[in-house]
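Chain letters run A, B, ... following the sequence lines, proteins first and then strands; every chain starts at 1.
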There are 2 protein chains.
Amino acid sequence: MLFTVDPGSSSPLFEQLAASIRGAILSGRVAVNERLPAARDLAVALDINIHTVLRAYQELRDEGFIELRRGRGAVVTDRARDYSALARDIDTIVAEAKRLELTPGAVSAMIREAW
Amino acid sequence: MLFTVDPGSSSPLFEQLAASIRGAILSGRVAVNERLPAARDLAVALDINIHTVLRAYQELRDEGFIELRRGRGAVVTDRARDYSALARDIDTIVAEAKRLELTPGAVSAMIREAW
DNA sequence: CTATTGTTATAGAAGAACTATAACAAGCTC
DNA sequence: GAGCTTGTTATAGTTCTTCTATAACAATAG
């Protein structure tokens, strides 16, 4: 399965799923105009409720990554521009943060502060 | 007040408070060996429960940013090394992410993925 | 027309977050 | 030592979020 969630994690399932799909989009593992699995199917595959899947989909729609239409499904928008520079900078930050023995939460907090 | 929380936010109060204090430490706004407000006092000042404050304090202790001792209070540790390089890289990422019209949540998710 | 798919509504269960009180233990000050 | 301050632990209850379950509905595709 392309997308995964961890029922044992402390973060909400719908957030995990949104993050998983978002990562696939940003990294280009799913292409523009490609259709995501139907919410019902993905719910069955991940053994979670359809509403949990839909909540993840709606979060991604609010962020502009996908479009949702009845009958048609969830389609990846053409937001897929050049994320390579950002990905490279993120790798730099992660390495630096690990050296400083920071946690992902601490780095996220710094980003929110800098925003 | 140096530290703030937003009761209307979707994220937990204790996380907000931890993030607020963490940001103050990493940016040097609170010095090494400086004492944070007593949990009881901060609880009154922010109009939240003392346990909510203590949970934030304990999170920061787990991350190594402060030390907690009864009678003495919460003291900032000497983890304050050179965060300037990280801060600069974070500014770069924030600028890049804004240009790409990403959300702070999306960037945080990407960081967790890259971790 | 029929099947597919997201949307909306309703309801309930489980867990996390937050609050409230109170007693306790370690450190500080005098 | 006496007394105050401060974090720690315990207990309990309320509220909110998350997740599930079921069902009907509306737009799209074929």
From [options], pick the nucleotide closest to the side chain of [X]?
| X | options | answer |
| --- | --- | --- |
| Ala38(A) | dA17(C), dA29(D), dT5(C) | dT5(C) |
| Arg40(A) | dG7(D), dT7(C), dA21(D) | dT7(C) |
| His51(B) | dT18(D), dA10(D), dT7(C) | dA10(D) |
| Ala39(A) | dG6(C), dA21(D), dT18(D) | dG6(C) |
| Arg72(B) | dC28(C), dT20(D), dT8(D) | dC28(C) |
| Arg70(A) | dA9(C), dA27(D), dA17(C) | dA27(D) |
| Arg35(A) | dG27(C), dT8(D), dT5(C) | dT5(C) |

Tell me whether the side-chain N/O atoms of [X] come closer than 4.0 Å to OP1 or OP2 in [N].
| X | N | result |
| --- | --- | --- |
| Thr52(B) | dT19(C) | yes |
| Arg61(A) | dT7(C) | yes |
| Arg55(A) | dT17(D) | no |
| Arg69(B) | dT5(D) | no |

Mapping Gly71(B) and Pro12(A) onto DNA chain D by nearest heavy atom, which one lands closer to the 5' end? Gly71(B)

Mapping Asp41(B) and Ser11(A) onto DNA chain D by nearest heavy atom, which one lands closer to the 5' end? Asp41(B)

Using a 4.0 Å heavy-atom cut-off, does [X] contact any base of the nucleic acid, only the sugar-phosphate backbone, or nothing at all?
| X | answer |
| --- | --- |
| Ile50(B) | nothing |
| Leu13(A) | sugar-phosphate |
| Gln58(A) | sugar-phosphate |

Measure from CG on Leu54(A) to P on dC19(D) and round the result to the nearest Å.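 Taking CG of Leu54(A) and P of dC19(D), I get 13 Å after rounding.
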
Rounded off to whole Å, could you give me the CG-to-P distance for the Leu36(B) and dT6(D) pair?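 Whole-Å distance recorded here is 12 Å.
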
Ile90(B) CD1 to Asp89(A) CG distance, which is reported to the nearest 0.5 Å: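 Nearest 0.5 Å value for the CD1-CG distance: 11.5 Å.
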
Compare all side-chain heavy atoms of [X] with those of [Y] and state whether any distance is below 4.5 angstrom.
| X | Y | answer |
| --- | --- | --- |
| Leu86(A) | Ile93(B) | yes |
| Thr92(A) | Thr92(B) | no |
| Val53(A) | Leu17(A) | yes |
| Ile21(B) | Phe65(B) | no |

